[in-house]
Amino acid sequence: MSELDSPAVSAVPVGDAAGEPGDHAVEPPAGESDAWLAVAEMADSALAYLSLEELLGQLLERIRALVRADTAAILLLDRERRLLLARAAKGVEEEVRQGVSIPLGAGFAGRIAAEARAVAIEDVDHSNVLNPILRQKGIRSLLGVPLIVDGRVTGVLHVGTHRRRRFTRQDQQLLQMAANRAALAIDNARLSEQRAFTEVLQHHLLVERPPQVPGLRISAKYVPAAGALVGGDWYDVFNLPDGRIALVVGDVAGRGLPAAAVMTTVRTALRAYLFERRELEHVVALLNQLILSTGRRIGVSVAIMTLDLESRELVAINAGQPPPLLLPADGSQRLVAHASGPPLGSRLSAGYESETLEYPSPSALILYTDGLIERRGESLDAGLARLEHADLMDRNDGLRLADRTFNRLASDQALEDDVAVLAIEAFALGAGFVVTLEADPIVLASLRRVVARWLMELGIPEAQRFDLTLACSEAATNAIEHAYGPHDATFRVHGEASDEQIVLHIADHGSWRARAGRDRGRGLTLMRALVDDVLIDRSAAGTTITLISRRK
Amino acid sequence: MSLPTLTSVNGLPVARMPTDVDAANASGVGDELAGAVGHDDRGLILDFGETRYLDSAGIDMLLRLDERLRRRRQTLHLIVDERSPLRRLLAITGVDRSLTIEGDLADVVSAIE
């Protein structure tokens with residue numbers, strides 16, 4: 001809305017000389033030292049520990065006393081929606097309670113913000129006032145100034161009186177000084193509030209326990225840029241219902257709360273899509289639709305990989321992310337799964353293709369966001385080359401791979417961008433393994449992948465591998481059915497290999513029950529048919545099924 | 001939950017079964033399959049080409065589904081590769097005696113016609 005559409009302003013701006021936009025260097029008016037002190041105190045240490053709400057309340061109280069006004073209010077600018085929103089008020093508290101919003105450029109406050117200068121109204125024309133609360137309160141005269149930080153209008157501070165009053169230039173100078181102080185304090189409080197909130201959001205999302213997969217070491221690291229709002233980088237790693245492991249690294253353009261909010265949406269949606277769809281092309285197309293449907297023009301780059309440790313198949317799709325680094329056991333390092341298209345979030349984001357790679361055990365894989373390799377004044381290729389040739393597999397430093405990667409690549413300077421690193425290292429299980437699993441059927445596919453992979457590493461032939469894996473899965477199903485509590489119920493699988501035989505122990509904390517339903521007993525019959533011996537040990541502490549299969 | 005993908009061949013519904021059919025998804029898969037068969041369909045084909053594991057809950061689901069289709073005079077056909085370990089499992093559990101199992105889709109189609 002332009003000024004011409006705003007008939008509510010019935011007065012002219014106060015003199016230009018003192019009311020220049022962004023005039024931060026206003027000297028205290030002579031003979032107003034008390035007032036000046038009062039303003040100076042507005043940024044004092046006592047206010048520094050207040051929440052934004054408390055801070056604004058205190059500021060308005062001081063301002064109202066300072067210019068001897070009846071009302072004082074602060075409206076903050078929502079730049080995206082081009083609206084001024086009442087945030088704090090004294091004498092006109094209804095403004096905040098009723099959530100008054102004024103379009104930028106419209107009315108008294110809207111004009112102050114749009115033109116970034118002071119406006120005074122000696123006799124308010126109530127037939128034209130946009131804000132009905134000012135009319136109800138019988139406000140006669142108004143004086144308002146912009147809140148300005150770094151040359152940008154962040155809001156409006158206005159005071160009002162019940163009795164008609166001609167505000168002087170001195171009143172206006174005083175109010176502008178107060179506004180300048182207030183603007184900085186508000187900006188700082190808003191930034192720290194936003195930063196704290198965003199950090200909580202990031203922390204909550206990123207520090208979840210990664211899945212426990214025997215023979216797979218998972219490490220991750222997230223480091224926000226130095227001295228800036230945290231960004232929209234994220235990583236994710238979780239088991240899929242069919243036993244694959246999903247690995248995700250992504251980056252939402254922008255910083256602070258808006259980027260973090262989009263990130264949480266995208267991260268959650270991606271989990272849901274990956275649970276439902278096997279083809280990564282479909283998953284990426286769905287995610288792009290979701291981002292477009294938000295109506296925000298925001299770019300989201302993402303690399304998604306799914307790993308099947310039994311078939312050693314790694315499927316990857318990449319929309320705008322730098323290529324992950326594969327580190328096979330032979331000591332070579334190569335960049336894989338280069339982006340097959342731009343970041344998601346535009347109509348052009350289509351035609352992504354997945355690729356399938358072999359992921360032998362042992363080997364390692366590193367996914368990361370561009371902050372890891374980008375440096376000012378250096379090409380992206382130079383950064384990629386640094387990563388490709390970095391000495392990352394030194395195993396004697398006690399560091400997790402994600403930490404070592406970060407240390408080698410990005411720890412020698414202040415970060416200009418966020419960095420997320422997700423690393424996995426697959427290693428041979430050897431003669432045995434132990435895994436504790438949630439007593440939920442959803443873990444069965446993952447368990448079978450672990451057992452089958454272990455048996456494959458031991459050189460067990462396919463038919464015997466299948467039989468042992470399925471028998472173990474049946475025993476696990478029994479253990480899951482024994483679980484009584486809905487939470488914290490777990491069971492344990494322990495595999496031991498000798499030259500003569502393979503032994504699997506499946507132990508739960510419940511008591512033996514024959515399975516309900518028509519498949520009663522079929523599980524046990526099946527186990528007995530699949531392996532050489534099935535031993536069932538029932539005790540007060542729980543039930544342990546031992547499966548023995550002799551090596552042929 | 002991993003569910004089957006549904007298509008059709010010669011007007012007969014074909015379900016590509018998930019990699020794993022076990023206690024986690026058997027009942028959901030069973031519901032999905034029962035819903036895929038129309039009253040006018042002659043039967044249902046289950047393609048186990050991508051399936052690695054089928055446990056006792058999955059076997060139970062197949063037997064129930066077969067019973068349900070039989071009551072509607074419809075037939076259940078399983079496609080399981082001759083070399084798949086699932087063949088031995090179906091033999092151990094005796095399922096191969098009550099269900100029709102073919103090696104590939106062409107065999108099923110010729111068996112129907």
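The figures that follow rest on heavy atoms only: side chains count, while hydrogens, waters and symmetry mates do not. Just so we're clear, the structure is a prediction, and the values are computed from it rather than from any experiment. All chains are named by letter (A, B, ...) in the order of the sequence lines, taking the proteins before the strands, and each is independently numbered beginning at 1.
With a threshold of 4.5 angstrom between heavy atoms, B:P85 approaches chain A through its backbone and through its side chain. Heavy atoms of A:L240 lying under 4.5 Å from chain B are absent altogether. In this structure, no portion of A:R528 lies under 4.5 Å from any heavy atom of chain B. In this structure, chain A has a heavy atom under 4.5 Å from the backbone of B:L54, while its side chain stays farther away. Only the side chain of B:R88 comes within less than 4.5 Å of a heavy atom in chain A; its backbone stays farther off. Looking at A:R278, the atoms closer than 4.5 Å to chain B (heavy atoms on both sides) all sit in the side chain, from C-beta outward.
Environment of CZ in A:R492: sparse, with no more than 12 heavy atoms of neighbouring residues, nucleotides or ligands closer than 6.0 Å.
Note on A:D236 versus A:R271: salt bridge recorded, some NZ/NE/NH1/NH2 to OD/OE distance being below 4.0 Å. At a threshold of 4.0 Å, the pair A:D533-A:R550 counts as salt-bridged, since one of the basic side-chain nitrogens sits closer than that to a carboxylate oxygen. Taking 4.0 Å as the cut-off between side-chain N and carboxylate O, A:R453 and A:D308 do not count as a salt-bridged pair.
In this structure, the side chain of B:D41 engages the main chain of B:G38 through a donor-acceptor pair within 3.5 Å.
Ring geometry for A:F275 against A:F238 counts as parallel: the plane angle stays under 30°, on a 0 to 90° scale with 60° as the upper cut.
Most heavy-atom pairs under 4.5 Å with chain B, from the set A:R277, A:R448, A:E310: that is A:R448.
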